[in-house]
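A short worksheet on the structure shown next.
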Amino acid sequence: MAYGPHTHDDRGRMMAALGIESVDALFEDIPIDVRASRLDLDPPMAELDLAVRLQGLAARNRTDLASFLGAGVYHHYVPPVVDQMLLRGEFYTAYTPYQPEISQGTLQTIFEYQSLLAELTGLEVVSASHYDGATATAEAALMAVRATRRDRVLVSRAIHRHYLDVTGTYLSGGGLVLDEMPTLPDGTTDLAALEAALADAERPVAGVLLGQPNAFGLLEPMAQASQLAHAAGALFIAVVEPVSLAVLATPAEYGADIAAGEGQPLGIAAQYGGPYLGILATTTELMRQIPGRLVGETRDLDGRRAFVMTLRAREQDIRRDKAASNICTNQALCALAATVYLAAIGPHGLRDVASLGAARARELELALAEAGAPRLHSAPYLNEFAIRVPQAQAVHERLLQRGVLAGLALARWYPDDPELRDALLVCATEVTTSAEIRRFAAALGEELA
Amino acid sequence: MAYGPHTHDDRGRMMAALGIESVDALFEDIPIDVRASRLDLDPPMAELDLAVRLQGLAARNRTDLASFLGAGVYHHYVPPVVDQMLLRGEFYTAYTPYQPEISQGTLQTIFEYQSLLAELTGLEVVSASHYDGATATAEAALMAVRATRRDRVLVSRAIHRHYLDVTGTYLSGGGLVLDEMPTLPDGTTDLAALEAALADAERPVAGVLLGQPNAFGLLEPMAQASQLAHAAGALFIAVVEPVSLAVLATPAEYGADIAAGEGQPLGIAAQYGGPYLGILATTTELMRQIPGRLVGETRDLDGRRAFVMTLRAREQDIRRDKAASNICTNQALCALAATVYLAAIGPHGLRDVASLGAARARELELALAEAGAPRLHSAPYLNEFAIRVPQAQAVHERLLQRGVLAGLALARWYPDDPELRDALLVCATEVTTSAEIRRFAAALGEELA
Amino acid sequence: MTDGTALATSARVGAAMAPEEARPGAGRQAMNAALQPTLAELSRPGRGGGKVPHPPADALARIPASALRSAPLALPELNEPEVVRHFVNLSHLNYSVDSGFYPLGSCTMKFNPKLNEWAARLPGFATLHPLAPDELAQGTLELMHELQEALAEISGMAAVTLQPAAGAQGELTGILMIRAYHAARGDVARTEVIVPDSSHGTNPATASMAGFRTVTVPSAADGGVDLAALKDALGPHTAAVMLTNPSTLGLFERRIVELLDAVHEAGALAYMDGANMNAVLGRFRPGAAGFDVMHFNLHKTFSTPHGGGGPGAGPVACNERLAPFLPAPLVVKAAPGSYRLERPEERASAIGRVRAYQGNVGVLVRAFAYIRAHGASGLREISDDAVLAANYLRQRVGQGYELPYAGPCKHEFVASGRALRQATGVRTLDVAKRLIDHGFHPPTIYFPLIVDECLLIEPTETESVETLDLFAEALLAILTEAHDHPERVKSAPTSAPVRRLDEASAARKPELRWRPMTGAGTPCPT
Amino acid sequence: MTDGTALATSARVGAAMAPEEARPGAGRQAMNAALQPTLAELSRPGRGGGKVPHPPADALARIPASALRSAPLALPELNEPEVVRHFVNLSHLNYSVDSGFYPLGSCTMKFNPKLNEWAARLPGFATLHPLAPDELAQGTLELMHELQEALAEISGMAAVTLQPAAGAQGELTGILMIRAYHAARGDVARTEVIVPDSSHGTNPATASMAGFRTVTVPSAADGGVDLAALKDALGPHTAAVMLTNPSTLGLFERRIVELLDAVHEAGALAYMDGANMNAVLGRFRPGAAGFDVMHFNLHKTFSTPHGGGGPGAGPVACNERLAPFLPAPLVVKAAPGSYRLERPEERASAIGRVRAYQGNVGVLVRAFAYIRAHGASGLREISDDAVLAANYLRQRVGQGYELPYAGPCKHEFVASGRALRQATGVRTLDVAKRLIDHGFHPPTIYFPLIVDECLLIEPTETESVETLDLFAEALLAILTEAHDHPERVKSAPTSAPVRRLDEASAARKPELRWRPMTGAGTPCPT
Ligand SMILES: Cc1ncc(COP(=O)(O)O)c(C=O)c1O
Ligand SMILES: Cc1ncc(COP(=O)(O)O)c(C=O)c1O
């Protein structure tokens with residue numbers, strides 16, 4: 001066996017102590033009818049052979065294209081210091097810090113994570129952490145339901161489709177209602193429709209959910225939406241992208257009660273979907289409603305400052321069926337990645353990352369427009385936007401052959417929307433190069449010619 | 001600046017304390033005539049840009065060929081645990097363990113390295129470490145000179161050419177003599193010639209140097225050579241490859257006084273030449289002649305076992321011009337790599353590595369012979385051997401275009417030897433696959449057809 | 001609120017935590033882990049920078065001012081050397097599997113192979129975008145497909161989703177599938193989920209999240225489910241029974257056949273919490289035995305690192321009956337040797353997604369490597385060794401502590417400090433804290449709730465018998481200490497970086513972040 | 001000899017090192033670094049395995065028995081979990097730059113950027129075979145060429161070899177080149193090399209290795225070379241003068257112009273030990289000033305990690321006069337944008353190789369990255385900051401310790417504990433050991449030999465002013481302690497994993513390895 005220490009002698013010694021001749025004796029409590037004989041799996045592999053196999057699989061993935069795909073997950077420059085800290089066994093082979101005396105490393109990094117995200121969002125209470133942006137959004141919706149004791153949530157149509165889907169799943173169990181609000185031609189949420197929906201006295205709204213930037217990369221009128229929600233006694237929930245918070249108004253500034261989002265852009269690799277980092281932040285008023293882990297500052301018997309998990313009465317292991325959520329294992333190591341990333345990149349660096357993305361995206365917009373694919377929407381964007389491309393899906397496939405991953409064909413997400421059938425959602429970040437932009441524009445130009 | 005902490009304020013505070021207005025004041029001791037103005041170098045790069053540049057450079061190297069090149073440096077499977085331990089800052093950002101109380105990590109790993117290499121070589125005293133196999137060999141020759149007070153060293157022609165060259169360089173300063181011994185047609189050292197050379201009473205020999213396996217991959221009659229050397233009052237120095245010591249007789253078994261060798265195969269990457277690990281081991285009698293670092297066991301004031309650098313009176317910082325060598329910085333981190341590698345691979349694993357290499361090499365021999373390139377020599381080999389290929393250098397170049405790195409054209413090393421002009425030195429290890437062997441044989445067959 | 005000033009403005013890094021005599025400097029106390037200031041306290045305006053190039057000045061010109069931050073972002077400003085020291089020194093405050101024995105019951109703290117960390121970081125795996133078209137993702141898709149199949153084989157189930165991000169999310173997935181199953185049959189009266197009182201907290205919490213009422217049934221004296229009580233609770237309102245097997249007492253449910261019959265007879269479905277599969281790999285296949293659906297904890301059974309609290313992965317396996325309800329997309333075979341994600345319309349009965357994209361794929365890579373390294377024989381050996389080690393340790397610990405349940409145990413066992421407490425006043429909490437001074441991470445304590453002064457001990461298969469012996473000796477030595485020097489045990493730990501914490505005041509007046517920073521209005525470092 | 005039995009057979013891992021009360025177990029003492037057993041003591045026959053496949057049984061059939069080992073290889077047998085714990089726990093016994101301030105004079109213990117560790121591990125760099133044909137090695141060759149050029153620019157020299165593996169080997173290279181130069185001119189009477197008494201030990205050792213007699217000249221009162229003495233020593237027998245500049249006293253040689261004139265007038269050549277270039281980047285270019293040849297310590301000036309004692313790299317730069325003698329192969333430009341290694345016949349006057357292949361290329365990658373990260377302005381800033389920090393710290397330390405030489409210093413400075421010793425009996429060694437208890441790595445002590453009770457302190461440019469202050473305060477606090485509680489200082493350290501060691505008996509009866517192992521005759525684990 002690959003990693004076990006037990007030699008033949010060791011097993012013999014243990015069996016002798018137990019007075020048994022075979023380990024089979026320890027499995028006699030499994031009724032004979034349901035005892036398994038053996039598994040039909042491949043034989044063990046030597047580490048060398050396995051390493052070769054894994055290398056072969058990784059090499060089968062193609063990650064060498066010029067990529068303009070974002071749609072919620074963004075390629076950023078991650079300083080190597082981040083992964084080198086993550087590779088420290090003291091962090092990644094520890095468990096949830098249930099014994100604070102010998103877990104101050106994890107506890108303090110979580111406290112720092114909470115603090116850093118509080119700086120970014122402007123909100124005071126940050127949980128650490130949720131599975132991903134989608135589940136954090138769903139938990140935010142459930143928080144609104146609990147806090148308002150209402151059962152209807154409004155969500156903009158311009159929200160990431162997976163987030164909508166997951167929120168729907170999470171609300172489905174409790175028989176809660178999720179209503180989608182339409183968008184305007186400029187790509188932002190229709191506030192008049194929102195206001196009307198909020199006005200329905202029969203069906204009071206628990207929370208209103210908008211993305212900033214929204215699923216089309218556009219900047220929403222968050223302050224107005226927030227006011228409308230509050231006027232109707234609903235909570236306002238912002239789904240945010242954390243790098244953008246280096247330059248955009250904070251959820252606190254526009255009055256959001258809860259911010260949810262995907263922390264992947266903060267130093268976490270794309271990995272075909274995870275592990276990522278669900279961000280969830282809220283106000284002090286809603287502190288006791290937030291699900292997930294919270295670490296607080298305290299003192300030890302000698303008066304030394306130290307950190308400890310706190311407000312545990314919200315959690316499943318204490319409250320069982322009355323808990324704020326069933327979450328247990330979360331994404332702590334990803335929160336550590338975000339913490340190291342933010343410490344390494346600093347406030348100026350993060351602002352530069354966000355601004356560079358905006359500048360590169362603008363360069364992309366101009367190049368693509370010249371190639372014949374203008375923007376689809378007119379609202380301002382940060383670093384992602386939709387372009388109008390006839391037969392977008394077919395063009396997208398042909399561009400792959402030319403080494404360009406031309407973003408996301410929005411028809412994949414909005415199959416029923418005729419306008420979005422001919423649209424690609426593209427993004428740029430600080431790692432996008434001018435050469436890649438030229439390559440994309442040239443290839444697209446040829447396809448459209 | 002990239003890594004410095006000093007802010008404008010910090011500098012101001014320090015300058016104020018010193019009563020200066022500009023750091024220029026601190027450089028006034030540099031005579032004005034020789035003060036530099038500025039350097040003509042590129043401007044600083046942001047880390048992101050530098051990372052891209054470095055990635056581009058690394059990608060310009062081609063490491064995707066089926067490689068049969070060894071000649072002293074061998075590709076082996078290195079379990080990832082090795083590098084993950086090396087990446088621990090506590091090891092790689094420490095200095096030479098001059099303060100033993102806070103350097104027991106480094107000291108104990110060196111002690112373990114010494115012990116492991118003692119097990120491998122059978123010799124009691126192992127230094128940790130020398131720059132590489134070549135300089136370890138040169139230092140071994142100098143040891144023999146010091147120990148015997150003779151000034152002539154004999155070296156087999158079948159020794160790695162770089163080792164010969166470096167040994168020559170090291171001996172040149174002291175006006176010492178290095179004489180090469182011829183080889184027999186079977187590829188091993190001509191013992192009769194050796195005996196004759198040793199018999200020259202006018203020019204007494206300090207040491208005799210043979211490789212095992214030798215530079216052609218062949219097994220030498222080490223015991224006989226050792227006897228001849230000793231009979232003439234000379235020391236016998238074996239240049240060994242450490243993985244082979246898992247299966248081959250140890251230097252101690254055949255009476256070597258000193259073993260030198262390249263530790264790269266013990267978990268260290270090829271890296272175009274280094275850093276590697278110079279192995280140097282000797283007997284207890286010669287303990288005080290060995291250059292380089294030695295760590296010994298001792299106790300602290302409370303009787304706890306601990307480790308400390310010892311026999312320091314051989315070293316340059318104590319003995320200055322009387323030191324055994326000028327070596328100071330060595331290859332400690334590479335010694336750590338070897339230590340972790342040996343701990344992880346274990347005795348059975350190392351035997352398997354050596355045996356698999358032999359098996360794959362035999363497979364290679366048969367395939368190449370069938371393709372028309374039989375072995376050049378008849379002496380037994382372990383995992384490397386020479387084949388006869390007409391116009392070897394041209395064939396070697398053409399095979400590159402076919403994705404095969406066909407070992408080393410021996411003409412590069414023995415330009416004046418007509419027999420070796422048509423020879424390639426090829427090797428196999430446990431990472432060589434049958435598919436690669438078939439590819440090589442097929443391509444070679446076509447070239448020779 | 002963090003009292004940043006005292007620490008930060010005096011520039012006496014760590015000074016507040018000085019041990020006797022020696023005051024730790026920026027070098028911290030030489031070798032013994034010392035507490036650290038926060039990033040905010042370490043920050044100095046103008047430090048850091050250099051990671052990314054500067055953007056053009058007009059980069060944000062097109063963004064309306066109303067959408068922009070009104071105050072500049074304030075984050076700590078540090079240079080890389082300080083960042084590294086901070087996290088390296090913080091890491092030294094953690095106990096971890098890589099540094100010692102971590103017998104935390106219910107958590108399966110086994111060794112995390114270093115090959116797997118390497119594999120997950122291979123650029124081909126690490127940089128693949130989750131929305132990349134299938135043709136670009138063939139390597140990962142092949143891996144996921146093979147993992148789905150392997151988990152199906154291990155569980156004896158028909159189909160597997162890898163989407164759930166953790167065990168609890170696997171539970172939610174499974175229970176929502178059960179809900180969808182009943183709904184599809186028009187069987188809408190089933191509003192209850194039954195759990196035993198020994199169940200993990202996530203089970204009832206999950207049932208609630210899925211909109212069910214939780215009904216708790218007691219355990220029998222032997223630690224198994226009280227079958228009579230279960231039968232009483234079962235009825236036309238029962239949607240499912242959730243059973244952890246082996247249980248959190250480390251016991252295999254001996255009456256499993258009868259139990260499953262009763263569940264199914266009542267028209268309910270049987271959910272198995274498979275978090276403890278480490279005990280029964282190759283010995284018990286839940287699907288073959290009659291469970292309808294289960295989840296795995298890859299971060300326990302298949303040794304993906306716990307990461308200080310995550311990430312994990314909680315794949316769900318189910319039988320044919322429930323397969324139509326698995327959340328999409330599964331990975332399916334396309335042309336020979338190629339793979340693709342299911343298209344949204346392919347399985348209309350699927351419940352909605354439980355998370356975005358394809359799951360914690362980086363975790364799946366590690367689990368795949370682990371399963372392939374061991375193969376069929378190795379997986380069985382894992383369980384054999386884990387169970388053997390647990391029973392051996394159980395016997396040794398039983399030399400001084402009560403063992404409330406008869407053996408054999410599976411991967412873990414409970415012991416009780418009740419008698420000790422009665423005799424000495426020393427509680428299990430004290431014993432646990434004292435173990436820290438003996439060099440060990442404490443076991444899980446006071447869980448499951450049904451055992452008085454409970455210790456839940458899980459050695460796993462990767463700890464040597466020498467280590468087990470030392471741990472048992474430490475536990476027994478503490479018994480003696482508890483009698484001879486009870487204060488010593490009650491005031492433990494004394495060798496950890498901190499002594500016991502004031503958890504009450506932390507909860508009463510929560511300080512969940514450092515004092516808000518100001519600034520970063522400083523000029524950008526060049 | 002290692003007393004393995006006591007530790008190993010009792011299976012009481014680390015038991016011999018128990019601190020008071022708590023006996024550390026396999027978990028070691030929870031958080032405080034505890035001493036560890038050796039690999040041999042941890043070994044159990046039959047553990048480990050699984051890394052590589054098993055070879056065919058006849059793999060060695062063709063090897064004559066006489067060439068084979070007579071006894072099976074005995075190495076420790078461990079499984080990977082034990083291996084990891086062993087090295088992780090050992091690492092905790094080390095002080096390092098990544099965990100604290102390491103002001104070791106003469107060693108330039110600056111921060112090692114993490115980007116550089118990443119870069120050197122890129123597979124393209126890491127797996128390239130050293131004998132790979134040039135066309136396969138273009139990336140590394142380009143890097144090496146660019147590094148050669150950068151070092152030539154920084155040194156003001158004409159040509160650079162990257163081959164030497166460390167500073168001392170650079171010295172040997174340079175001195176052998178000087179020997180070859182004189183020999184080529186038939187100037188064979190030059191058998192002496194002159195070194196100042198403040199020189200680093202490698203300088204005289206190098207001269208000896210290169211076959212020269214060493215002549216030592218004293219320092220003047222101001223710390224510089226005594227020019228009159230030097231002139232006396234110079235003559236037709238002088239092959240070279242080796243000068244460390246800035247010197248090991250941290251002083252720039254103010255009389256450098258006169259000195260170089262004298263050397264050259266005597267027909268000798270001037271070697272500069274450039275190990276201390278961290279002080280004068282962009283401020284002083286040795287070649288431009290008249291030195292003939294010098295070496296760099298990349299592991300100091302350009303921040304490649306010291307690795308607990310190595311590896312380093314010691315490139316040699318020289319002027320046109322000596323360039324023909326540089327060891328081959330250099331990296332040269334081939335077709336535009338392509339590079340190649342010199343062919344052996346290209347420079348017939350080259351001295352022989354000083355090591356195999358192309359040098360410590362992995363180290364060169366890191367140094368290249370460092371130079372490119374900083375650029376011209378950044379390199380100068382490094383020296384400015386290093387010198388500013390040293391002078392600042394010098395002033396603060398001077399508030400309590402003697403400063404034997406006038407300032408300004410360069411990258412480091414000497415202080416003396418002579419007065420302290422006279423007043424209290426506390427030696428510099430004691431002060432150094434006491435610094436450990438204050439959380440700092442001690443500076444270099446008793447070097448250079450010409451200063452009584454010497455402390456050689458080098459802060460480098462990557463330590464913050466807060467850290468410098470704390471360190472100075474610690475040193476000053478020890479002065480007070482030395483007066484008030486001299487025994488406390490003399491018995492330091494008490495907070496390290498071990499107290500002071502018995503170095504004398506280690507040297508008297510050297511135990512350089514553990515007791516030879518037997519066995520591995522056990523069956524191979526499967
Ligand atoms: C029995 C049992 N069920 C469920 C869970 C929840 O799994 P997770 O923490 O991955 O959400 C755990 C984990 O601790 C467990 O032990
Ligand atoms: C002044 C000086 N010269 C030479 C050396 C020797 O360099 P290395 O240790 O790289 O051989 C050193 C290193 O400590 C040094 O400080």
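Just so we're on the same page: letters track the sequence lines, and every chain starts at 1. Predicted, not measured: the structure shown is a model, and the values here were computed from it.
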Residue [X] versus chain C: region with a heavy atom under 4.5 Å:
{"X": "Pro79(A)", "result": "side chain"}
{"X": "Ile30(A)", "result": "both"}
{"X": "Ser129(A)", "result": "neither"}

[X] bridged to [Y] by N-O distance under 4.0 Å:
{"X": "Asp300(A)", "Y": "Arg499(C)", "result": "no"}
{"X": "Glu253(A)", "Y": "Arg69(C)", "result": "no"}
{"X": "Arg11(A)", "Y": "Asp385(C)", "result": "yes"}

Please classify the contact of [X] with chain A as side chain, backbone, both or neither, using a heavy-atom distance under 4.5 Å.
{"X": "Arg254(C)", "result": "both"}
{"X": "Leu379(C)", "result": "side chain"}
{"X": "Pro53(C)", "result": "both"}

Notebook entry, point to check: Do His374(C) and Tyr3(A) have their ring centres less than 6.0 Å from each other?
Noted result: yes

Checklist line | Centroid-centroid under 6.0 Å between Tyr357(C) and His160(A) rings | finding: yes

Next item on the list: Take the angle between the ring planes of Trp514(C) and Phe111(A) and call it parallel below 30°, perpendicular above 60°, tilted in between.
Entry: perpendicular

Got a donor-acceptor contact below 3.5 angstrom from the [X] side chain to the [Y] backbone?
{"X": "Tyr102(C)", "Y": "Tyr95(A)", "value": "yes"}
{"X": "Glu153(C)", "Y": "Asp40(A)", "value": "yes"}
{"X": "Asn112(C)", "Y": "Thr93(A)", "value": "no"}

